[in-house]
Amino acid sequence: MSANSSTVGQLLWRGPVCISWKQDPEGALYHLANCILLLGFMGGSGVYGCFYLFGFLGTGYLCCVLWGWLDACGLDIVLWNVLLAVACLLQLAHLVYRLRMNTLPEEFDLLYKTLCLPLQVPLQTYKEIVHCCQEQVLTLATDQTYAVEGETPINRLSLLLSGRVRVSQDGQFLHYVFPYQFMDSPEWESLRPSEEGVFQVTLTAETECSYISWPRKSLHLLLTKERYISRLFSALLGYDISEKLYTLNDKLFAKFGLRFDIRLPSLYHVLGPSTPDGGPESEKDDEEVCEPSLSPVQATPTSVQHVSPCSPPPAATNLPAPLSRARMSRPDSGILASRSPLQISSQVKSRSQAPLAPIHTPEL
């Protein structure tokens with residue numbers, strides 16, 4: 001054991017001493033190779049950092065091959081540097097292959113950076129979404145219709161990439177669809193996967209447009225299989241529909257000079273049909289309020305002279321004009337007591353209950 005340790009110590013500390021040093025320095029190829037290797041080891045991380053690293057290393061090892069072949073004349077130097085240079089070239093080829101696999105067409109790459117990258121959607125998930133639409137970009141010429149009201153079936157979901165689309169109903173303009181907005185998100189959300197329907201609006205291209213489209217069945221299968229993609233589409237579609245609703249709200253503001261809140265039920269009182277105060281309904285209600293109501297004690301005597309309750313007494317001839325309907329809408333407690341509960345409930349229901357939607361909506 002001591003002999004072995006002494007041998008190792010001699011090899012480490014008492015190695016062979018160079019008998020003579022070369023007086024002439026190595027050639028320019030040797031120094032060039034080491035400078036290139038030094039630059040190569042200064043590379044960074046990531047895909048492009050790997051390109052930098054293996055590119056410089058491969059070049060440096062090729063210079064070492066030339067130096068070993070021309071100056072050093074050593075076969076082992078040539079073989080080792082050839083192996084290292086080939087390994088670097090194989091790494092570069094693998095990086096190029098990965099980049100080609102991850103490369104998307106220009107339209108889809110811009111869509112990812114605009115719509116999905118801010119939401120931190122993984123690139124692999126985005127590729128599944130793009131693969132569902134078969135990576136096809138469709139076009140619309142100017143004045144070409146994407147969907148016709150009452151005719152085109154709802155069998156796809158489309159996203160506008162460029163251009164502008166006009167949405168109208170019965171020839172009346174509703175709003176525009178701009179790039180990176182869904183063209184038929186309300187129609188998509190209005191139907192269940194098993195239901196079928198047709199468009200209730202007409203979509204016409206005002207300029208040359210390009211868009212992508214997902215078939216309805218294929219997209220539903222993808223949303224059923226991938227829960228993350230389903231939540232992503234739910235968020236995107238909800239935001240898109242809310243933008244369209246607020247666009248209609250701004251259009252009401254421009255039309256009437258008032259800003260309405262589409263989330264409040266009070267919008268019905270602005271858009272719904274209004275009944276004038278002097279109309280037949282108000283006169284009928286006033287007549288019901290003025291009906292005579294006699295208590296059982298007052299109805300028994302026969303000698304009492306019946307006077308119309310609606311006619312004013314002689315001393316009240318100088319009273320002001322009758323109160324408005326808003327102040328006379330609540331009758332006295334005696335009148336309410338003389339009526340049956342069924343009549344009271346029907347009258348209150350007829351006055352307070354409004355239809356769920358306006359019957360005559362003014363033009364926007």
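- Qualifying side-chain hydrogen bond (donor to acceptor under 3.5 Å, both in side chains) partners for S210, counting only residues two or more places apart in sequence or in other chains: S162.
- Applying the ring pair (Phe, Tyr, Trp, His ring centres under 6.0 Å) test to pairs two or more places apart or on separate chains, none has a residue in residues 78-104.
- The neighbour count for Y176 OH, taken as heavy atoms of other residues, nucleotides or ligands under 6.0 Å away, is above 12.
- Within 6.0 Å of NE2 in H131 there are 12 or fewer heavy atoms belonging to other residues, nucleotides or ligands.
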Atom pairs and distances, side-chain donor-acceptor, residues 136-148, under 3.5 Å, sequence neighbours left out:
residue	atom	partner	partner atom	Å
Q144	OE1	A141	N	2.8
Y146	OH	R156	NE	3.4
Y146	OH	S158	OG	2.6
Y146	OH	D184	OD2	2.8

Where do L232 and I129 land on the side chain to side chain contact (heavy atoms under 4.5 Å, CB included) test, with the steps shown first? CA-CA 11 Å; L232 175 65; I129 298 174; 3.9 Å; yes
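- Sorted by first and then second residue, the ring pair (Phe, Tyr, Trp, His ring centres under 6.0 Å) pairs with a member in residues 181-208 read W188-H220; sequence neighbours excluded.
- For the atom pair OH of Y61 and CG of L84, the computed distance is 4.5 Å after rounding to the nearest 0.5 Å.
- Smallest separation of non-hydrogen atoms from E189 and I241: CG-CD1, 3.5 Å.
- Pairs passing the side-chain hydrogen bond (donor to acceptor under 3.5 Å, both in side chains) check and including a residue from residues 116-127, sequence neighbours excluded, read N102-K127.
- Here Y228 pairs with nothing under the side-chain hydrogen bond (donor to acceptor under 3.5 Å, both in side chains) rule; sequence neighbours left out.
- The number of heavy-atom neighbours closer than 6.0 Å to CD of E196, taken from other residues, nucleotides and ligands shown, is 12 or below.
- Using modelled atom types, no side-chain atom of T207 and backbone atom of G163 make a donor-acceptor pair closer than 3.5 Å.
- If you take CG on L237 and OG on S242, they are separated by 10.5 Å, rounding to the nearest 0.5 Å.
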Would L191 and R216 satisfy side chain to side chain contact (heavy atoms under 4.5 Å, CB included), going step by step from the backbone distance to the final call? CA-CA 11 Å; L191 295 179; R216 185 176 181 84; 3.3 Å; yes
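- Among all heavy-atom pairs drawn from V198 and E151, the shortest one is CG1-O, 4.1 Å.
- The shortest side-chain heavy-atom distance between L236 and L159 does not fall under the 4.5 Å cut-off.
- The heavy-atom pair separating P215 from C132 by the smallest distance is CD-O, 3.9 Å.
- Taking all atoms of both residues into account, the shortest heavy-atom contact from D240 to S185 is OD2-OG, 2.6 Å.
- Residue V82 belongs to a hydrophobic cluster whose other members are L29, Y30, V65, L66, W67, W69, L70, I77, V78, V86, L90, with links defined by side-chain heavy atoms closer than 4.5 Å.
- The shortest heavy-atom contact between Q169 and V201 is CB-CG1, 4.3 Å.
- Between C209 and V165 the shortest heavy-atom distance is SG-CG2, 4.0 Å.
- Note: F178 CZ to M183 CE = 13.0 Å, rounded to the nearest 0.5 Å.
- For the pair L157 and F233, the minimum side-chain heavy-atom distance is below 4.5 Å.
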Validation: residues 104-117 side-chain donor-acceptor distances under 3.5 Å, sequence neighbours left out:
residue	atom	partner	partner atom	Å
D109	OD2	K113	NZ	3.3
Y112	OH	V121	O	2.8
T114	OG1	L110	O	2.8

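- Residues L160 and Q181 have side chains not in contact (no heavy-atom distance under 4.5 Å, counting atoms from C-beta outward).
- Legend: residues meeting side-chain hydrogen bond (donor to acceptor under 3.5 Å, both in side chains) with N81, ordered by chain and number and at least two apart, are absent.
- Applying the salt bridge (Lys or Arg N to Asp or Glu O under 4.0 Å) test to every pair with at least one member in residues 161-175, sequence neighbours left out, gives these pairs: R164-E206, R166-E206.
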With a 3.5 Å cut-off and sequence neighbours excluded, list the donor-acceptor pairs that the side chains of residues 37-60 form with protein atoms.
residue	atom	partner	partner atom	Å
Y52	OH	L39	O	3.1
T59	OG1	G55	O	2.8

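- With hydrogens and angles disregarded, a donor-acceptor distance shorter than 3.5 Å links the side chain of S190 to the backbone of E187.
- Hydrophobic cluster membership is shared by V177 and I154, with clusters built from Ile, Leu, Val, Met, Phe, Trp and Tyr side chains linked at under 4.5 angstrom.
- For the salt bridge (Lys or Arg N to Asp or Glu O under 4.0 Å) condition, the pairs that include at least one residue of residues 25-45, sequence neighbours left out, are K22-E26.
- Considering CD1 of I229 and CD of E128, their distance stands at 4.5 Å, rounded to 0.5 Å.
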